[in-house]
Protein chains: 2
Amino acid sequence: MAATLKDVAERAGVSRSAVSRTFTDGASVSIKMRRKVEKAAQELGYSPNFLARSLTTRRTKLIGLISNNFHNPIFLEVFDLFTRKLQESGLRPLLVNLSDETDPQNSVRMLQQYSVDGVVVASSTLPPEFSKAFRDAGVPVVNSFGRYSAAPQVHVVGIDNAECGRMAARELVKRGYRKVAFLGGPESATSTQDRFSGFVNALANHPDVTVTQSFAEAYSFDAGRKEMQRLLDADRPAEAYFCGDDVLSIGVLSAIEDAGLKVPDDVGIIGLNDMEMAGWESINLTTIRQPIAQIINSSVELMVAMLDEPDRYPEARLFSCKIIERGTLRPKT
Amino acid sequence: MAATLKDVAERAGVSRSAVSRTFTDGASVSIKMRRKVEKAAQELGYSPNFLARSLTTRRTKLIGLISNNFHNPIFLEVFDLFTRKLQESGLRPLLVNLSDETDPQNSVRMLQQYSVDGVVVASSTLPPEFSKAFRDAGVPVVNSFGRYSAAPQVHVVGIDNAECGRMAARELVKRGYRKVAFLGGPESATSTQDRFSGFVNALANHPDVTVTQSFAEAYSFDAGRKEMQRLLDADRPAEAYFCGDDVLSIGVLSAIEDAGLKVPDDVGIIGLNDMEMAGWESINLTTIRQPIAQIINSSVELMVAMLDEPDRYPEARLFSCKIIERGTLRPKT
DNA sequence: ACATTTTTTGCAACCGGTTGCAAAAACTGA
DNA sequence: TCAGTTTTTGCAACCGGTTGCAAAAAATGT
């Protein structure tokens with residue numbers, strides 16, 4: 001079928017090694033030899049088989065891109081950026097959907113069978129066992145959007161979720177809200193836990209501000225909407241909510257609107273992520289921007305570095321977030 | 001590092017072939033032998049290297065999943081479903097982002113280097129040359145969401161876009177709209193062309209109905225919003241619009257709302273896709289549902305069939321769409 | 001022109017598997 | 001028990017590449 005090394009060698013009348021060398025950079029080939037080989041290769045439409053090559057080089061340039069989040073539109077941006085940046089770096093993403101996988105060992109085995117050079121875990125909700133399992137198997141891992149920890153076990157690139165919580169809290173206080181609430185994603189997600197603790201911490205110095213909390217089942221529109229409806233049925237709403245993320249916020253907004261309340265006059269909302277949709281005029285969500293492009297670029301750079309230095313000491317790379325003011329919080333007084 | 005066939009063979013005190021055979025189903029191994037080998041493999045944590053295997057079997061179980069659409073949220077659903085279904089079928093998606101690739105040959109070469117068993121082109125906007133290039137290179141291709149044609153050159157799974165156009169037209173007429181418009185995606189996309197021609201055709205029998213048309217730059221919120229703003233500045237709007245897809249429709253809705261007009265009282269909108277978001281209460285878009293899960297399942301099944309029968313005669317598999325009535329068209333009179 | 005150094009080339013073994021073939025082992029039936 | 005048949009096993013070649021090593025060729029210095 002497709003031409004092989006041998007075919008090219010025969011056609012050019014040279015040894016197989018010569019052909020191999022013309023296609024591996026850094027190898028010693030004379031210019032005349034290279035010409036001859038390239039000509040033959042051209043005529044046969046030859047290009048080297050990466051997988052055969054990987055057998056000896058032990059490099060496939062395949063990177064497992066694993067996630068369990070295929071319902072939050074922000075992840076489309078994430079996949080877009082990851083695939084682009086990986087491609088630019090000469091790597092290829094093997095996409096793995098872990099939505100209904102619970103055993104890390106399965107994923108590890110699967111990815112080992114494909115000899116991936118490394119794994120990017122792109123999720124803020126996947127249990128940390130997954131990243132650890134890869135590390136334990138000796139596969140380089142970067143956990144993007146993962147939990148920051150002072151002594152990270154695996155490489156983490158993301159934001160300081162606790163700081164985001166504090167940031168949201170300060171912003172709400174600054175705008176004069178005195179009855180605020182946290183409406184998080186699933187309580188089991190580390191991102192939710194950290195945002196919550198930061199939020200509460202920052203409010204500890206403000207005895208005049210009361211805080212309540214609740215958790216949606218997922219980072220999704222429906223979950224946000226449902227949770228907010230529940231809250232509205234049960235109680236008078238708080239004056240302002242820090243929501244787990246943007247898509248959750250949009251669900252919350254929808255519930256508020258249905259209840260006949262006005263944003264930001266009756267209720268304030270601040271989200272997190274600044275996904276594309278947050279800027280849509282009909283949504284116009286005030287939110288904390290997570291610099292996803294930077295996180296992803298840095299993740300890939302880190303991965304590239306790790307390919308050369310697998311035992312690199314685990315580090316945490318955190319990016320700062322900033323508030324994007326739109327129309328869902330009342331103006332500063 | 002990881003245990004190899006040879007390690008297992010030595011540990012079990014048998015030949016390498018014996019080990020190989022225990023891990024290839026359909027091979028002849030006695031039960032005793034199998035036990036011995038499995039024990040040794042277990043102890044060493046061995047599992048076979050798929051890529052080495054592929055060298056002789058000529059099967060990698062890698063499928064190129066290529067798309068250029070990383071901005072339309074519907075594609076997150078598409079990726080979710082594709083990855084799941086491929087995984088279920090024992091295949092692995094190698095994700096390729098063709099957003100800024102213009103030369104089909106590059107993609108073909110790249111995927112050949114990874115010896116993919118086949119390629120799924122998941123896009124309604126990628127030029128047909130891409131699919132053709134794969135076919136010409138002898139790589140099995142399925143074009144999902146591609147253009148239907150009576151004599152397809154490659155396997156196509158999707159919907160009959162012209163029929164959708166007719167369906168939209170009939171629906172608008174039925175609801176008494178007499179001044180209707182088509183607001184498509186990019187004019188170069190075959191899906192847009194077909195939807196448009198179907199729409200116009202169906203209206204040919206209705207001399208009392210006037211049609212106008214325009215095209216947004218992309219299937220995106222911004223493009224839809226911008227195009228609608230342009231229309232509103234230039235003219236009185238039509239009574240109802242058939243929009244290229246849902247995300248475009250949402251942009252259009254946003255422009256209409258900003259202009260102080262009411263939907264469906266002042267302007268009617270019908271979209272296409274029925275993406276998750278179309279059902280959000282704050283959007284509540286009447287739309288034509290494209291059965292994406294069926295399309296994707298069928299695409300993967302077709303791909304699996306092609307792996308066994310590469311020269312299968314190209315077929316087109318079309319699924320019918322149906323109108324999902326929500327709140328953006330006025331009620332039937 | 002020659003000896004010396006440097007560069008280029010081919011040989012052969014290897015990466016981690018599979019598989020056709022023939023020998024060995026295990027069954028059959030009488 | 002033994003010849004005949006069937007099943008299981010190992011050998012060795014192969015898949016499509018890479019690479020250490022030594023020999024061949026080219027470049028260098030005098």
Side-chain angles (χ1 to χ4, degrees), chain A residues 1-41 44-62 109-117 138, chain B residues 1-41 44-62 109-117 138:
Chain A
M1 189 103 347
T4 76
L5 193 77
K6 198 169 140 227
D7 301 331
V8 178
E10 279 166 7
R11 171 149 205 149
V14 301
S15 75
R16 292 162 59 222
S17 342
V19 180
S20 173
R21 289 194 179 102
T22 17
F23 287 95
T24 32
D25 28 36
S28 147
V29 227
S30 69
I31 181 86
K32 271 174 64 181
M33 172 67 82
R34 159 156 276 134
R35 289 272 156 68
K36 248 195 303 188
V37 171
E38 275 171 353
K39 179 154 172 289
L44 274 67
Y46 169 81
S47 60
N49 180 327
F50 276 27
L51 303 182
R53 169 179 287 173
S54 78
L55 225 43
T56 44
T57 60
R58 296 160 167 291
R59 283 283 171 93
T60 55
K61 302 205 168 260
L62 248 26
R109 184 151 17 85
M110 192 250 115
L111 284 160
Q112 275 186 324
Q113 294 192 309
Y114 279 99
S115 318
V116 295
D117 287 349
Chain B
M1 190 97 355
T4 74
L5 192 78
K6 198 170 141 225
D7 301 331
V8 179
E10 279 166 8
R11 173 150 204 147
V14 301
S15 74
R16 293 161 59 222
S17 344
V19 180
S20 173
R21 289 194 179 102
T22 15
F23 287 94
T24 34
D25 27 37
S28 146
V29 226
S30 70
I31 181 86
K32 270 175 66 182
M33 172 66 83
R34 157 157 277 135
R35 289 271 155 69
K36 250 197 299 189
V37 171
E38 275 170 354
K39 178 152 173 291
L44 273 66
Y46 168 80
S47 60
N49 179 327
F50 275 27
L51 302 183
R53 170 180 286 174
S54 78
L55 225 42
T56 42
T57 59
R58 297 163 166 289
R59 283 283 171 93
T60 55
K61 301 204 170 259
L62 246 29
R109 183 149 20 83
M110 191 251 114
L111 285 160
Q112 276 188 322
Q113 294 191 310
Y114 279 100
S115 320
V116 295
D117 287 350

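Proteins come first, then strands; the chains are lettered A, B, ... in the order of their sequence lines, and each starts at number 1.
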**Request:** Check the pair B:Leu51, A:Leu55 against side chain to side chain contact (heavy atoms under 4.5 Å, CB included), reporting the backbone distance first and the verdict last.
**Result:** CA-CA 8 Å; B:Leu51 302 183; A:Leu55 225 43; 5.6 Å; no
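The nearest whole Å value for the distance from the NZ atom in B:Lys6 to the P atom in C:dT18 is 16 Å. Straight-line distance from the CZ atom of A:Arg58 to the P atom of C:dC14: 14 Å, rounded to whole Å. Going from atom OH of B:Tyr114 over to atom P of D:dG17 covers 14 Å, rounded to whole Å. Computed from coordinates, the B:Arg34 CZ to D:dT7 P distance equals 16 Å when rounded to whole Å. One atom, CZ of B:Arg53, and another, P of D:dG16, lie 17 Å apart when rounded to the nearest Å. A straight line from CG of B:Asp25 to P of C:dT18 spans 11 Å, rounded to a whole angstrom. Here C:dT19 presents its C1' atom at 13 Å from CG of B:Leu5, a figure rounded to the nearest Å. As rounded to whole Å, 14 Å separates atom C1' of D:dG16 from atom CG of B:Asn49.
With hydrogens and angles ignored, the 3.5 Å screen pairs a side-chain donor or acceptor of A:Thr60 with a backbone N or O of A:Ser115. In terms of modelled atom types and a separation under 3.5 Å, the side chain of B:Arg34 and the main chain of B:Thr22 share a donor-acceptor contact.
Note that CZ of A:Arg35 and NZ of A:Lys39 are 12.5 Å apart. Values are rounded to the nearest 0.5 Å.
For B:Arg21 against C:dG20, a side-chain-to-base donor-acceptor contact under 3.5 Å is present.
Of the options B:Thr4, B:Val8, B:Leu5, a side chain to side chain contact (heavy atoms under 4.5 Å, CB included) to B:Arg16 is made by B:Leu5 and by none of the others.
Residue contacts shown for A:Ser54 are absent, as no nucleic acid heavy atom lies under 4.0 Å away.
For the segment residues 9-19 of chain B, residues with any heavy atom less than 4.0 angstrom from an atom of DNA chain C are, sorted by number, B:Arg16, B:Ser17.
Under 4.0 angstrom from either OP1 or OP2 of D:dT18 there lies at least one side-chain N or O belonging to A:Ser20. At least one side-chain nitrogen or oxygen of A:Tyr46 sits closer than 4.0 Å to the OP1 or OP2 atom of D:dG17. A:Ser28 has no side-chain polar atom (N or O) that falls below the 4.0 Å cut-off from OP1 or OP2 of C:dT7. Between C:dA26 and B:Ser30, no contact under 4.0 Å exists linking OP1 or OP2 to a side-chain N or O.
Nearest approach of A:Arg21 to A:Val29, heavy atoms of both residues: O-CG2, 3.9 Å.
The side chain of A:Thr4 lies closest to D:dG17 when the candidates are C:dG16, D:dT9, D:dG17.
Within the 4.5 Å cutoff, no side-chain heavy atoms of A:Leu62 are placed close to those of A:Phe50.
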